[in-house]
Protein chains: 2
Amino acid sequence: MDDDTLIFTFFNEIGIVSQLSQAFLNRHLPDGLHSSHFATLNHLYRVGNGTTPLAIANAMQVTKATMTHTLAVLEKRELVEIRANPSDGRSKTVFLTPAGRAFRLAAIGDVTAAMATVASLFDRAALEASLPTLQRVRKILDAERAHRSGGD
Amino acid sequence: MDDDTLIFTFFNEIGIVSQLSQAFLNRHLPDGLHSSHFATLNHLYRVGNGTTPLAIANAMQVTKATMTHTLAVLEKRELVEIRANPSDGRSKTVFLTPAGRAFRLAAIGDVTAAMATVASLFDRAALEASLPTLQRVRKILDAERAHRSGGD
DNA sequence: ACCAAATAGTACGACATCGAACCAAAGTCA
DNA sequence: TGACTTTGGTTCGATGTCGTACTATTTGGT
């Protein structure tokens with residue numbers, strides 16, 4: 001298998017696994033929550049409150065337009081609160097509400113429970129071993145994207 | 001990191017890499033072709049002609065409704081031809097047209113060229129090493145999905 | 001042979017995502 | 001200070017994907 005084919009195969013597999021895992025999440029998340037909403041809640045929880053929409057969009061690797069939409073959904077459900085950014089009039093800051101925190105916990109519970117049956121089938125060591133590779137690939141693609149859209 | 005967290009992290013990383021690679025493809029595929037169309041053309045080329053839409057949908061891990069749409073797009077561009085299935089009145093068969101073949105080659109050329117700059121940054125051995133893991137994960141999720149929707 | 005259940009594909013409505021165009025606030029530089 | 005550029009977010013239109021409901025054909029049991 002030459003390099004190009006390997007790379008195609010690799011990304012093809014990545015794409016399919018991603019689709020399957022997202023489908024899994026979408027099926028098991030409570031109340032019609034979409035995996036992207038879930039990911040955003042988790043990000044807010046991990047990174048902490050007061051982040052700007054753009055920062056979240058970059059972290060999630062979606063466009064800012066998409067993040068506007070995602071945050072609007074979360075805000076309508078009162079899972080996050082969006083305030084003006086005191087240090088920049090163009091910007092906003094995003095906060096997880098208590099309801100958002102609770103919802104995240106509940107969602108994690110549901111997903112974890114649903115995952116219990118399959119989780120045991122995964123080879124923990126193998127997953128752990130491929131993580132650095134994935135992260136490196138992510139960084140490379142990310143840099144390429146930034147470079148493309150930024151300069152050039 | 002406990003098992004659940006590892007799995008979450010793993011799928012999160014997979015999702016992001018998938019998004020980035022799809023975005024990369026979408027940016028570099030000619031004539032507004034979407035990565036899913038590209039993947040379908042590649043599948044038809046690899047697996048051979050005369051496959052049914054459902055078989056393609058399963059291989060691509062999308063719903064049959066989605067495949068109906070994808071094939072309609074490809075057919076409108078005359079990259080595939082869809083005929084009745086002689087052995088099953090409900091079914092169809094899909095064929096790559098000469099134009100479809102040519103388009104696929106051109107697309108591969110474009111993408112490969114665009115990828116040349118980043119391809120050298122990938123650690124070939126690492127990608128190769130994580131492929132089996134990805135394939136195993138795919139199989140597990142796939143089986144779970146089939147089980148869920150089929151029985152239960 | 002007939003009727004029920006399963007199956008392949010389509011139609012429809014909902015929604016996530018994207019790119020491009022746009023607006024408003026900062027920043028920059030003369 | 002004032003104009004040009006950059007930057008954070010939103011709006012808009014287009015499109016890919018999904019789930020559900022539906023149609024037509026096939027399969028299977030009696």
Side-chain angles (χ1 to χ4, degrees), chain A residues 15-16 18-29 31-40 50-77 82-94 145-146 148-151, chain B residues 15-16 18-29 31-40 51-58 60-77 82-94 145-146 148-151:
Chain A
I16 291 185
S18 164
Q19 236 160 349
L20 284 169
S21 65
Q22 262 180 298
F24 182 91
L25 279 182
N26 291 339
R27 242 178 305 136
H28 294 292
L29 282 172
D31 199 20
L33 198 74
H34 193 269
S35 56
S36 60
H37 307 147
F38 181 57
T40 303
T51 334
T52 71
L54 187 59
I56 307 175
N58 287 335
M60 303 275 119
Q61 293 296 350
V62 296
T63 64
K64 44 188 192 161
T66 299
M67 190 48 59
T68 297
H69 176 71
T70 301
L71 289 176
V73 171
L74 292 176
E75 192 183 27
K76 185 171 297 174
R77 297 196 180 201
I82 302 178
R83 310 183 197 146
N85 189 336
S87 64
D88 188 335
R90 298 164 296 181
S91 183
K92 309 271 182 84
T93 54
V94 187
R145 179 201 220 186
R148 274 274 162 199
S149 64
Chain B
I16 290 185
S18 164
Q19 236 160 349
L20 283 169
S21 65
Q22 262 180 299
F24 182 91
L25 279 181
N26 292 339
R27 242 179 304 138
H28 295 292
L29 282 172
D31 200 18
L33 197 75
H34 194 267
S35 54
S36 61
H37 306 146
F38 181 57
T40 302
T51 333
T52 70
L54 187 59
I56 307 175
N58 287 333
M60 303 277 120
Q61 295 294 351
V62 296
T63 64
K64 45 187 191 165
T66 298
M67 191 46 61
T68 297
H69 175 71
T70 301
L71 289 175
V73 171
L74 292 176
E75 192 183 27
K76 185 170 297 172
R77 298 194 180 202
I82 301 178
R83 310 181 199 147
N85 189 337
S87 64
D88 188 336
R90 297 163 297 181
S91 183
K92 310 269 182 82
T93 54
V94 186
R145 178 200 220 186
R148 276 273 162 198
S149 63

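Naming convention: chains lettered A, B, ... in sequence-line order (proteins, then strands); numbering from 1 in each chain. Computed over heavy atoms, backbone and side chain alike; hydrogens, waters and symmetry mates excluded.
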In whole angstrom, give the distance that lies between atom [atom1] of [X] and atom [atom2] of [N].
X: A:Leu54; N: C:dA26; atom1: CG; atom2: C1'; value: 14 Å
X: B:Glu75; N: C:dG9; atom1: CD; atom2: P; value: 13 Å
X: B:Leu29; N: D:dT15; atom1: CG; atom2: P; value: 16 Å
X: B:Asn85; N: D:dT26; atom1: CG; atom2: C1'; value: 12 Å
X: B:Lys76; N: D:dA14; atom1: NZ; atom2: C1'; value: 13 Å

Does any N or O in the side chain of B:Thr70 come within less than 3.5 Å of the main-chain N or O of B:Thr66, such that one atom is a donor and the other an acceptor?
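Side chain of B:Thr70 to backbone of B:Thr66, a donor-acceptor pair under 3.5 Å: yes, one is there.
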Heavy-atom pair with the smallest gap, counting every atom of B:Pro53 and B:Leu71:
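That closest heavy-atom pairing would be CB-CD1, 3.7 Å.
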Aromatic ring centroids of A:Phe38 and A:His34 under 6.0 Å?
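No; A:His34 has its ring centre 6.0 Å or more from that of A:Phe38.
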To the closest 0.5 Å, what do you measure between CG (B:Asn58) and CG (B:Leu54)?
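One finds 4.5 Å between CG of B:Asn58 and CG of B:Leu54.
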Between side-chain atoms of residues 84-94 of chain B and protein atoms elsewhere (two or more places apart, or another chain), which donor-acceptor pairs fall under 3.5 Å?
| from | atom 1 | to | atom 2 | distance (Å) |
| --- | --- | --- | --- | --- |
| B:Asn85 | OD1 | B:Ser87 | N | 3.0 |
| B:Asn85 | OD1 | B:Ser87 | OG | 3.0 |
| B:Asn85 | ND2 | B:Ser91 | OG | 3.2 |
| B:Asp88 | OD1 | B:Arg90 | N | 2.9 |
| B:Asp88 | OD1 | B:Arg90 | NE | 3.1 |
| B:Asp88 | OD2 | B:Arg90 | NH2 | 2.9 |
| B:Thr93 | OG1 | B:Arg83 | O | 3.4 |

Passing candidate, side-chain contact (heavy atoms from CB on, under 4.5 Å) with A:Val73, options A:His69, A:Lys76, A:Glu75
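Filter result, single survivor: A:His69.
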Sugar-phosphate atoms are those with a prime plus P, OP1 and OP2; base atoms are the rest. Using that split, label each nucleotide of nucleotides 10-25 of chain C B, S or - for protein heavy atoms under 4.0 Å, 5' to 3'.
BB----SBBB-----B
